[in-house]
2 protein chains.
Amino acid sequence: MARLPVYHRVLLDLQAGGQSTVSSEQLAELAGVNAAKVRKDLSHFGSYGTRGVGYEVDQLLADLRRELGLTHDWNCILVGAGNLGSALAKFAGFSERGFAVVAVVDVDRSKVGTHLGALTVSHDEEIGRLVADHGIAIGIIAVPPAAAQEVADRLVAAGVTSILNFAPTVLDVPDEVKVRDVDLAVELQILAFHEGRREPRRTG
Amino acid sequence: MARLPVYHRVLLDLQAGGQSTVSSEQLAELAGVNAAKVRKDLSHFGSYGTRGVGYEVDQLLADLRRELGLTHDWNCILVGAGNLGSALAKFAGFSERGFAVVAVVDVDRSKVGTHLGALTVSHDEEIGRLVADHGIAIGIIAVPPAAAQEVADRLVAAGVTSILNFAPTVLDVPDEVKVRDVDLAVELQILAFHEGRREPRRTG
DNA sequence: GGGGCTTTGTGAATCCGTGAACAAGGGCGG
DNA sequence: CCGCCCTTGTTCACGGATTCACAAAGCCCC
Ligand SMILES: NC(=O)c1ccc[n+]([C@@H]2O[C@H](COP(=O)([O-])OP(=O)(O)OC[C@H]3O[C@@H](n4cnc5c(N)ncnc54)[C@H](O)[C@@H]3O)[C@@H](O)[C@H]2O)c1
Ligand SMILES: NC(=O)c1ccc[n+]([C@@H]2O[C@H](COP(=O)([O-])OP(=O)(O)OC[C@H]3O[C@@H](n4cnc5c(N)ncnc54)[C@H](O)[C@@H]3O)[C@@H](O)[C@H]2O)c1
């Protein structure tokens, strides 16, 4: 389910706000979904809500963390230290959510050795060693589309089993490797699609 | 349908490669979906495939462009010139797909007047004027979560009717405004979820 | 010009996610 | 200790998306 992470995020906010229990209705409101859906989702992994009261925030967070595999931090490797890669590497928000970018590589030798936040860019060929040394399971691809498949092959060869792909390319990987694509142009096109249905022909 | 933009992208590649016709099977392969799905999707807006041959790439691209509202470019306004905002503003790939970031604003006065690629950062308060002047329908939010709702309100007040939101927050907007959320931590958590199911407890 | 091959378009069966509605259950006040 | 009220957990029905499978249909070669 793609909604569990959203619940997790909302619950973190509630916990930070000092709230100890939450009803499915409130959680639904904050997560922008239906209340029945929330209850069904939570019951799918043995929820422990109290009828008449709701769910205990701490307990629910612990369950969600377990379910999402966030009981420990996940180390990630970032490939491509360009525009997007730099922004990702410098971003602090991932660590709060259980993820740590522990390595950045680039094929461009002029970038190797430069710093991005606390990280130092390594060379492309080090992927294998870095993945092994840090026990990395997740790779992030932020290279031009033409290089994405090659990078994916190397990540898979190095032992990475999950890939977050920002390049607008469909990657060909073994079945056991999970890929999620983030194509921002696709997101914009979906918005434009609805925009076009709104009123046939308005300005840009 | 969220697949239409992917077909569009694949067809652009095929066209660039000089291919004049494409079968539903090939298109499905390249887009990573089922062939029947492709045919059904395309038939939904009056497709003109030739039995025994396939679809004409140019014709299909033109139909898709019309369907996706890409007959003209869409002007976008970017709010937040931080890590992520800078990367987005400098990124050239959007224009090839029918989108143009024509304005960047930030609340931080020290950033106003600085350049990001060909763009100059304007101040927050100019949102209304910029949206009106450029006929902007799409806003992109790249500010910290705490400021996202306020920015969304301003965009809506200015007349923006579609929002691409990078902040990890559920935005409250009028029904007629379309929002798409891109939360990278959520994407990573979904990967971690599958990773956790793979083998209960392995390293990072 | 006709037959065969290839590929489309679609009908039907199926599966999955969604949402409404309701009975079971627990706290809480009397 | 009892009954009321609130919220959960679950059942059910439904709509939409997905996939299979096949008949119609165009092209090409003989
Ligand atoms: N920048 C954005 O805002 C943005 C937005 C949407 C999508 N994207 C996508 O993200 C990807 C990266 O975009 P960008 O703007 O950062 O591009 P960029 O050109 O700024 O950076 C790409 C980096 O990848 C490196 N690289 C190239 N081949 C490599 C290889 N084989 N191994 C390792 N590193 C390699 C290059 O040296 C460069 O540093 C692109 O596919 C782009 O389409 C970017
Ligand atoms: N950087 C990333 O790689 C990344 C990754 C995932 C998500 N995000 C999300 O994207 C958003 C931006 O991230 P970032 O790293 O660019 O942050 P950042 O702090 O680098 O930049 C935020 C910018 O927004 C500006 N800003 C703040 N309030 C504003 C307002 N009311 N109006 C206009 N501008 C305002 C700030 O001045 C700053 O320049 C955050 O919500 C973050 O969670 C970023």
Side-chain angles (χ1 to χ4, degrees), chain A residues 1-8 10-11 14 19-64 67-68 170 175 178 180-181 186 189-190 193-194 197, chain B residues 1-8 10-11 14 19-64 67-68 170 175 178-181 186 190 193-194 197:
Chain A
M1 300 287 181
R3 286 187 298 272
L4 263 44
V6 179
Y7 301 154
H8 178 255
V10 169
L11 285 169
L14 288 175
Q19 193 168 334
S20 64
T21 66
V22 62
S23 71
S24 61
E25 192 129 6
Q26 186 189 6
L27 190 49
E29 169 78 19
L30 293 171
V33 300
N34 185 286
K37 215 183 299 190
V38 170
R39 292 200 293 275
K40 189 160 296 187
D41 287 345
L42 299 187
S43 71
H44 263 303
F45 58 95
S47 64
Y48 288 106
T50 310
R51 300 176 186 219
V53 176
Y55 301 85
E56 201 188 335
V57 172
D58 291 347
Q59 178 64 42
L60 196 49
L61 256 178
D63 289 347
L64 267 174
E67 194 68 13
L68 287 170
V170 176
D175 285 346
K178 285 262 177 292
R180 288 193 71 85
D181 294 298
V186 164
Q189 285 181 2
I190 292 171
F193 170 79
H194 294 297
R197 302 230 151 265
Chain B
M1 301 289 183
R3 286 187 299 272
L4 263 44
V6 180
Y7 300 154
H8 178 256
V10 169
L11 285 168
L14 289 175
Q19 192 169 333
S20 63
T21 66
V22 61
S23 72
S24 61
E25 193 128 5
Q26 186 189 7
L27 190 49
E29 170 77 20
L30 293 171
V33 300
N34 184 287
K37 213 184 298 191
V38 170
R39 292 199 293 273
K40 191 151 288 191
D41 286 346
L42 299 187
S43 72
H44 263 303
F45 58 95
S47 65
Y48 289 106
T50 309
R51 301 178 186 218
V53 176
Y55 300 86
E56 201 189 335
V57 172
D58 291 348
Q59 177 64 40
L60 196 49
L61 257 177
D63 289 347
L64 267 174
E67 195 68 11
L68 287 171
V170 176
D175 285 346
K178 284 262 178 292
V179 174
R180 288 193 72 84
D181 294 297
V186 164
I190 293 172
F193 170 79
H194 294 298
R197 303 230 150 266

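Each chain gets a letter, A, B and so on, in the order its sequence line appears, and its residues count up from 1.
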Pairing of A:R39 and A:E25 as salt bridge, 4.0 angstrom limit: no
Interatomic spacing from CG in B:L42 to NZ in B:K37 - rounded to 0.5 Å: 13.0 Å
Pairwise 5' ranking along DNA chain C for B:V22 and A:M1, keeping only the more 5' one: B:V22
OH on B:Y7 to CG on B:D41, rounded to 0.5 Å: 3.5 Å
Distance in Å, B:I190 CD1 paired with A:R180 CZ, rounded so as to fall on 0.5 Å steps: 3.5 Å
Whole angstrom value for the distance that separates P of D:dT10 from CZ of A:F45: 13 Å
CD-OG distance between B:E29 and B:S23, expressed to the nearest 0.5 angstrom: 10.0 Å
Tabulate below the donor-acceptor pairs under 3.5 Å that side-chain atoms of residues 48-60 of chain B make, not counting sequence neighbours, or state none.
unit_1, atom_1, unit_2, atom_2, d
B:D58, OD1, B:Q15, NE2, 2.8
B:Q59, NE2, B:D63, OD1, 3.2
B:Q59, NE2, B:D63, OD2, 3.4

Closest non-hydrogen atom pair between B:L14 and B:Q26, with its separation: CD2-NE2, 4.0 Å
Residues within residues 48-64 of chain B bordering DNA chain C, heavy-atom distance below 4.0 Å: B:G49, B:T50, B:R51, B:G52, B:V53, B:G54, B:Y55
Approximate separation, where rounding is to 0.5 Å, of A:F45 CZ and A:M1 CE: 10.5 Å
Within residues 24-42 of chain A, residues whose heavy atoms come under 4.0 Å of DNA chain D: A:S24, A:R39, A:K40
